[in-house]
Amino acid sequence: MLILKPSDIPSSAITPREQYLDRRRFLRGAVAVGAAALGAERIAQIVSPTSGVFAGTRLQTVKSPLTTTGEDLTSYQYVTSYNNYYEFGVDKSEPAKNAGRLPVRPWTVRVEGLVKTPKTFDIDALLKLHPLEDRIYRHRCVEAWSMVVLWVGYSLSEFIKQCDPLSTAKFVQFLSYYDKKVEPWAGDSAISWPYSEGLRMDEAMNPLTLLTFGMYGETLPNQNGAPVRVVVPWKYGFKSAKSIVTVRFVAKEPHTTWNDQNEQEYGFYSNVNPNVDHPRWSQKTERRIGLPFYAQRKTTLMFNGYGDQVASLYKGMDLRRYY
Ligand SMILES: Nc1nc2c(c(=O)[nH]1)N[C@H]1C(S)=C(S)[C@@H](COP(=O)(O)O)O[C@H]1N2
Ligand SMILES: [Mo]
């Protein structure tokens with residue numbers, strides 16, 4: 001059993017951020033000590049995992065019954081320096097260096113499409129819409145690496161309730177921030193921006209789908225999708241759009257960035273599924289980032305281990321066809 005009731009969760013599994021923040025303070029200290037010996041640019045690279053004006057703001061959180069137990073957290077250092085965020089460069093080390101330019105305040109999220117009334121939410125109002133929870137989730141990229149991350153947010157369903165979608169809304173689309181002046185690296189790939197992702201309404205309403213504002217007790221670093229992103233833990237990472245500016249309720253399956261790129265390789269559903277290989281590699285195992293190399297190889301779990309919560313959403317669907 002992966003998901004436990006709050007009373008079952010040992011406090012050691014819920015409050016590891018103290019440790020991680022201590023580690024970060026240690027790292028910052030190390031940076032300060034080493035600063036004299038290094039050039040300014042090199043120092044900026046080391047410090048950049050915390051880049052972004054609002055990264056590092058402490059968030060008040062409550063315990064969540066939906067946190068994943070029994071996994072060691074990936075260290076903050078890896079989670080914030082090994083990123084996919086193509087608007088800030090195709091190389092995994094680039095977003096940490098470049099995303100500091102993302103203007104995370106002021107920030108609004110526009111809600112449009114099949115809703116009673118279109119609305120615009122200010123990010124600071126969104127942060128207060130519902131109590132923020134600590135949620136540890138396994139995080140599985142389609143490229144067959146994985147991490148275990150302590151996110152901070154609340155169920156997307158809480159937000160959707162405030163959006164008053166019409167009964168004709170069957171899908172929800174997320175659009176990321178895009179400004180080619182801020183993100184000239186976006187031109188390094190053939191992707192047509194802004195980044196677009198989507199979920200079926202029942203997937204979006206599943207309590208595991210997290211509207212995410214922070215990680216490890218603090219606001220999101222820009223490279224991880226500040227100031228707000230979604231996290232869908234039973235799907236490959238690319239379903240989790242970063243730095244969201246528009247939430248659009250629609251009747252039909254919306255177009256999605258990776259499906260536009262390569263329909264054969266990236267489907268709309270993209271549920272983590274060890275039985276359906278990517279055309280170019282196996283999905284049976286994954287490499288857990290941040291572990292010694294001999295311990296990195298892990299067996300990939302169906303629905304990334306969240307089948308108890310989500311398998312019923314796909315009853316009767318052929319998951320080879322709807323990959
Ligand atoms: N806007 C945007 N969102 C994005 C991406 C991106 O390139 N641009 N990459 C996706 C992919 S492939 C993954 S694995 C996750 C990575 O999230 P992380 O950097 O917080 O681990 O973000 C997803 N969201
Ligand atoms: Mo990914």
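None of these values were measured; they are calculated from a predicted model. Note that ligands are numbered from 1 as they come in the structure, with each ligand's atoms numbered from 1 the same way.
Counting heavy atoms under 4.0 Å from ligand 1, residue Glu143 does not touch it at all. Residue-level proximity to ligand 1 for Ser240 is carried by the backbone, the only part with a heavy atom below 4.0 angstrom. Residue Tyr195 touches ligand 1 through its side chain alone, judged by heavy-atom distances below 4.0 Å.
Counting only N and O atoms by type, the side chains of Tyr314 and Trp234 include a donor and acceptor under 3.5 Å apart. Ser196 and Gln173 form a side-chain donor-acceptor contact under 3.5 Å, judged by distance and modelled atom types alone. A donor-acceptor contact under 3.5 angstrom links the side chains of Asn84 and Lys92, judged on distance only. Between the side chains of Arg138 and Ser146, no donor-acceptor pair of N or O atoms lies under 3.5 Å. Counted by atom type alone, Lys235 and Asn271 present one or more donor-acceptor pairs between their side chains at under 3.5 Å.
Gly225 does not count as a contact of ligand 1, since none of its heavy atoms falls under 4.0 Å from the ligand.
Taking every non-hydrogen atom of Asn224 and a distance limit under 4.0 Å, the qualifying atoms of ligand 1 come out as 18 (P), 19 (O), 20 (O). For ligand 1, the atoms lying closer than 4.0 Å to a non-hydrogen atom of Cys141 are 14 (S). Residue Asn83 approaches ligand 1 through these ligand atoms, each under 4.0 Å from one of its heavy atoms: 18 (P), 19 (O). Near Tyr86, meaning under 4.0 Å from any of its heavy atoms, are these atoms of ligand 1: 6 (C), 7 (O).
Nearest-heavy-atom check against atom 20 (O) of ligand 1 across Arg229, His139, Lys239, Lys92 picks out Arg229. Across Glu87, Lys242, Met215, heavy-atom proximity to atom 8 (N) of ligand 1 is greatest for Glu87.
Residue Ser176 has at least one nitrogen or oxygen atom sitting less than 3.5 Å from a nitrogen or oxygen atom of ligand 1, judged on distance alone. At under 3.5 Å, not a single nitrogen or oxygen of Trp193, backbone or side chain, sits near a nitrogen or oxygen of ligand 1.
The single protein non-hydrogen atom nearest to atom 15 (C) of ligand 1 is Gly237 O, 3.6 Å, given as residue, atom name and distance. Nearest protein heavy-atom contact of atom 9 (N) of ligand 1 is Asn84 O, 3.2 Å.
In summary, Glu286 and Lys298 do not engage in a salt bridge, as defined by a charged side-chain N under 4.0 Å from a carboxylate O. Between Lys180 and Glu183, none of the side-chain N atoms (NZ, or NE/NH1/NH2) sits under 4.0 Å from a carboxylate O, so this pair counts as no salt bridge. A salt bridge links Lys239 to Glu197: at least one charged side-chain nitrogen sits closer than 4.0 Å to a carboxylate oxygen.
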### Task
I would like to know whether Phe238 and Tyr266 meet ring pair (Phe, Tyr, Trp, His ring centres under 6.0 Å); could you show each step before the answer?
CA-CA 9 Å; Phe238 68 85; Tyr266 312 104; 5.5 Å; yes
